[in-house]
Amino acid sequence: MAAAATAAVAAVNKPHISSPVDKPFCCPSQKMLSLATKTLPKPYNHHRTLTTCASKNPLTDVVYSGQPDPDGRSFGSYFDDDDKPREECGVVGIYGDSEASRLCYLALHALQHRGQEGAGIVCVNDNVLKSITGVGLVSDVFSESKLDQLPGDLAIGHVRYSTAGASMLKNVQPFVASYRFGSVGVAHNGNLVNYKQLRGELEENGSIFNTSSDTEVVLHLIAISKARPFLLRIVEACEKIEGAYSMVFATEDKLVAVRDPYGFRPLVMGRRSNGAIVFASETCALDLIEAAYEREVLPGEVVVVDKEGVQSICLMPHPEPKSCIFEHIYFALPNSVVFGRSVYESRRAFGEILATEAPVECDVVIAVPDSGVVAALGYAAKAGVPFQQGLIRSHYVGRTFIEPSQKIRDFGVKLKLSPVRAVLEGKRVVVVDDSIVRGTTSSKIVRLLKEAGAKEVHMRIASPPIIASCYYGVDTPSSDELISNRMNVEEIREYIGSDSLAFLPIESLNRLLGEDSKSFCYACFSGDYPVEPTGKVKRIGDFMDDGLSGDMDSIDGGWLPASSRIRKTIVNEVRTI
């Protein structure tokens, strides 16, 4: 272990990380720390000892208490009528730029679609980690004066989605912890399927948890590790956790990016013209801060950035990647490149497949904005039918509202989506959406379009039917609540009230992806999980992740029993009713 700790791994041969990054040393057949030394020009061709140092002023007051509104509620009346899977968060890491916190702030803006309920930045200056976190959008949390409080050339940031709650703020990342060798900050995108088991073991051994987030488990595992240096503590912690994690760590002198062996969640690396290294969940964040995309952080890879340069090691042996297909269906922005593929091109192709395999006589093609737009463009182009804006989305509706005393039918959907009667009246309409989860919103949209004068409404869904919950960092309902797990296509069509309904066939999706098809996770379409959850698994976005304290077993509704997953075989062929 000592030899491994002192080995130099793919070291970049110039300080300030201004030279091109080396190819990652990450081989599926290697065991944990399979290290290799690159031959470098003198005087850099030597092994460098990796060390950590104690913080001069470790940050301890990281956890805050949320303040309720004067009326006693936390954040007003809660509203969520979107009926979509939720991506839990986005992460950013920046090293080597004097305005790291401001660049991090801008990058989080670009990732705002991945989480709107909380944001935070940790910056390192003079070996001290300072954190500012808050509830709300990035622009709500940070101001000029707050960013002035975050000097330094190393920063990590995080945006998160979760349901509202009075104690939610303490779960807003990045988290910072002090331990005997210094301080460490972490921002995490994903979900650990063995979280409850690990937390129970840690609590039995005396660990005290301040939050209900699975990310805090990682910090405890790092703190109790006896491995040296810090890099090996991360490796040892990651050997114990299971599930999905794309994480960025900040220490007094290092930025570390880690991706789980299956590569469930995305994480990319870029470089600014001044040599600063940037990690982000999507390439759209790199674009905004003018960082050139270099590559993905590979599944099972650990990338370390410090004043000596960039190093890459293999975290542990990893099987075939299982990247989340929903990044291309719904989560990522169309202008991003995720898992090496253009999201825009993927969604357009999904629409073209639907037009080819589920054609219908129509006058106009519209989209459920915003995530259905690109697929609708593909459908319209392939079908030779004009695409028009039949639904206008309001981007100014928050998650709270005041409803009049006299109930308005489908109030939530009408707040967000307004039909254009001039486009719809008397027309046979194809409406393209990215997915159907519970079916509640789809039924309201169909009713909205028909009330606006649509003669026929034909629903086309740019994904296969969702029949199983996700355990890897996506907020999805339990399988019992998923409409495709309870009904066949005809039954769903009757429920939502459309004149026809068709889903993207999973066979066609696989053909489109070609050789890469085996490297994606389809668990939500099949119920076959690459990493089997053990015991009870934390349900994202509900209960425990909202900061509730007390005995975890007392809030059983916040957990999904792994043993009760409903596996259901369905015919994934398109059926046009």
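Keep in mind the model is a prediction, meaning the values are calculated, not measured.
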- Stepwise side-chain contact (heavy atoms from CB on, under 4.5 Å) test for Y379 and L377: CA-CA 5 Å; Y379 188 104; L377 287 169; over 6 Å; no
- In this structure, CD1 of I466 is separated from CD1 of I436 (nearest 0.5 Å) by 9.0 Å
- Task: Taking all non-hydrogen atoms of both residues into account, name the closest pair between R493 and S500 and its distance.
- Result: CD-CA, 3.8 Å
- Query: Would the number of heavy atoms belonging to other residues, nucleotides or ligands and lying under 6.0 Å from CD of Q389 be above 12?
  - Reply: no
- Query: Can we say R114 and E327 salt-bridge, meaning some charged N sits less than 4.0 Å from an Asp/Glu carboxylate O?
  - Reply: yes
- Ion pair present between D97 and R272, side-chain N to carboxylate O less than 4.0 angstrom? yes
- What pairs of residues pass the salt bridge (Lys or Arg N to Asp or Glu O under 4.0 Å) test when at least one of them lies in residues 359-386, not counting sequence neighbours? D363-R428
- Task: Indicate yes or no for a side-chain donor-acceptor contact from H158 to the backbone of H188 under 3.5 Å, with no hydrogens or angles considered.
- Result: yes
- Which word best sums up how the rings of Y471 and Y529 line up, parallel for under 30°, tilted for 30 to 60°, or perpendicular for over 60°? perpendicular
- Query: Does any donor atom in the side chain of N510 or Y522 lie under 3.5 Å from an acceptor atom in the other side chain?
  - Reply: yes
- Minimum heavy-atom separation for V135 to V141, with atom names? O-CG2, 3.8 Å
- Task: Start with the C-alpha gap between R348 and E352, add the side-chain angles, then the distance that decides, and say whether salt bridge (charged side-chain N to carboxylate O under 4.0 Å, His left out) holds.
- Result: CA-CA 6 Å; R348 186 177 178 91; E352 291 174 351; 3.7 Å; yes
- CD (E282) and CG (D287) are apart, to the nearest 0.5 Å, by 10.5 Å
- Contact check, side chains of I461 and L504, non-hydrogen atoms, under 4.5 Å: no
- Item | Q116 side chain vs Q112 backbone, donor-acceptor pair below 3.5 Å | yes
- Message: Within the 4.5 Å heavy-atom criterion, are R295 and V268 side-chain neighbours or not?
- Response: no
- Query: Would a distance-only check, ignoring hydrogens and angles, find a side-chain to backbone donor-acceptor pair under 3.5 Å from S246 to R265?
  - Reply: yes
- Message: Between T215 and Q173, does the side-chain contact (heavy atoms from CB on, under 4.5 Å) criterion hold? Intermediate values first, please.
- Response: CA-CA 9 Å; T215 308; Q173 299 182 36; 2.9 Å; yes
- Item | Min side-chain heavy-atom separation C284-L111 under 4.5 Å | yes
- Check whether any side-chain N or O of S323 sits under 3.5 Å from a backbone N or O of F520 as a donor-acceptor pair, and report yes or no. no
- Message: For the residue pair S519 / E320, report whether a side-chain donor-acceptor contact shorter than 3.5 Å exists.
- Response: no
- Is it true that R421 and E451 have a side-chain N and a carboxylate O under 4.0 angstrom from each other? no
- Task: Under the side chain to side chain contact (heavy atoms under 4.5 Å, CB included) rule, collect the residues that match up with V364, sequence neighbours excluded.
- Result: I366, Q388, V423, K427, V429
- Task: Kindly write out the residues that satisfy side-chain hydrogen bond (donor to acceptor under 3.5 Å, both in side chains) with E456, not counting sequence neighbours, or none if the list is empty.
- Result: H458
- Could you pull out all residues at least two apart from C521 that satisfy side chain to side chain contact (heavy atoms under 4.5 Å, CB included)? F264, K322, Y472, A523, P530
- Any chance you could measure N189, atom CG, to Y245, atom OH, to the nearest 0.5 Å? 13.5 Å
- Task: Please name the pair of heavy atoms, one in G497 and one in V446, separated by the smallest distance, quoted to 0.1 Å.
- Result: O-CG1, 3.4 Å
- Query: How are the rings of H328 and F339 set relative to one another: parallel (under 30°), tilted (30 to 60°) or perpendicular (over 60°)?
  - Reply: tilted
- Measuring from R460:CZ to C362:SG, what's the distance to the nearest 0.5 Å? 8.5 Å
- Message: Side chains of R393 and S418 only: does a donor on one sit below 3.5 Å from an acceptor on the other?
- Response: no
- To the nearest 0.5 Å, atom OG of S463 lies from atom CD1 of I325 at 10.0 Å
- Item | Nearest heavy-atom neighbours spanning S443 and T440 | OG-O, 2.7 Å
- Message: If we ignore hydrogens and angles and just use 3.5 Å, is the side chain of S281 paired with the main-chain N or O of V91 as donor and acceptor?
- Response: yes
- Message: Distance check, rounded to the nearest 0.5 Å: S394 atom OG versus K414 atom NZ?
- Response: 15.0 Å
- Message: Is any side-chain heavy atom of H113 closer than 4.5 Å to one of L333?
- Response: yes
- Main-chain N/O of V297 paired with R259 side-chain donor or acceptor, under 3.5 Å: yes
- Query: Between V420 and I392, is any pair of side-chain heavy atoms under 4.5 Å apart?
  - Reply: yes
- Task: Report yes if the side chains of V457 and V431 come closer than 4.5 Å at any heavy-atom pair, otherwise no.
- Result: yes
- Residues passing the side-chain hydrogen bond (donor to acceptor under 3.5 Å, both in side chains) test with R447, sequence neighbours excluded, are D410
- Check P464 against F503 and note the closest heavy-atom contact, atom names and distance. C-CD2, 4.0 Å
- Give the C-alpha distance, both sets of side-chain angles, the deciding distance and a yes or no for side-chain contact (heavy atoms from CB on, under 4.5 Å) between L169 and T133. CA-CA 8 Å; L169 181 56; T133 61; 4.1 Å; yes
- Message: Between R160 and E117, does any side-chain N to carboxylate O distance fall below 4.0 Å?
- Response: no
- Item | Set of residues satisfying side-chain hydrogen bond (donor to acceptor under 3.5 Å, both in side chains) with respect to S273, sequence neighbours excluded | none
- Min side-chain heavy-atom separation I132-I121 under 4.5 Å: no
- Query: Any chance the side chains of S143 and S145 put a donor and an acceptor closer than 3.5 Å?
  - Reply: yes
- Item | Pair R341 + E345: basic N to acidic O under 4.0 Å | no
- Query: Between V248 and V92, what is the shortest heavy-atom contact and its length?
  - Reply: CG2-O, 3.6 Å
- Item | Side chains of S212 and N171, donor plus acceptor under 3.5 Å | yes
- Task: Could you go through the side-chain contact (heavy atoms from CB on, under 4.5 Å) check for I445 and L417 one step at a time?
- Result: CA-CA 8 Å; I445 289 172; L417 298 173; 3.9 Å; yes
- Query: With a 4.5 Å limit on heavy-atom distance, are the side chains of N335 and Y344 in contact?
  - Reply: no
- May I ask you to check whether over 12 heavy atoms, not counting those of E99, lie within 6.0 Å of atom CD? no
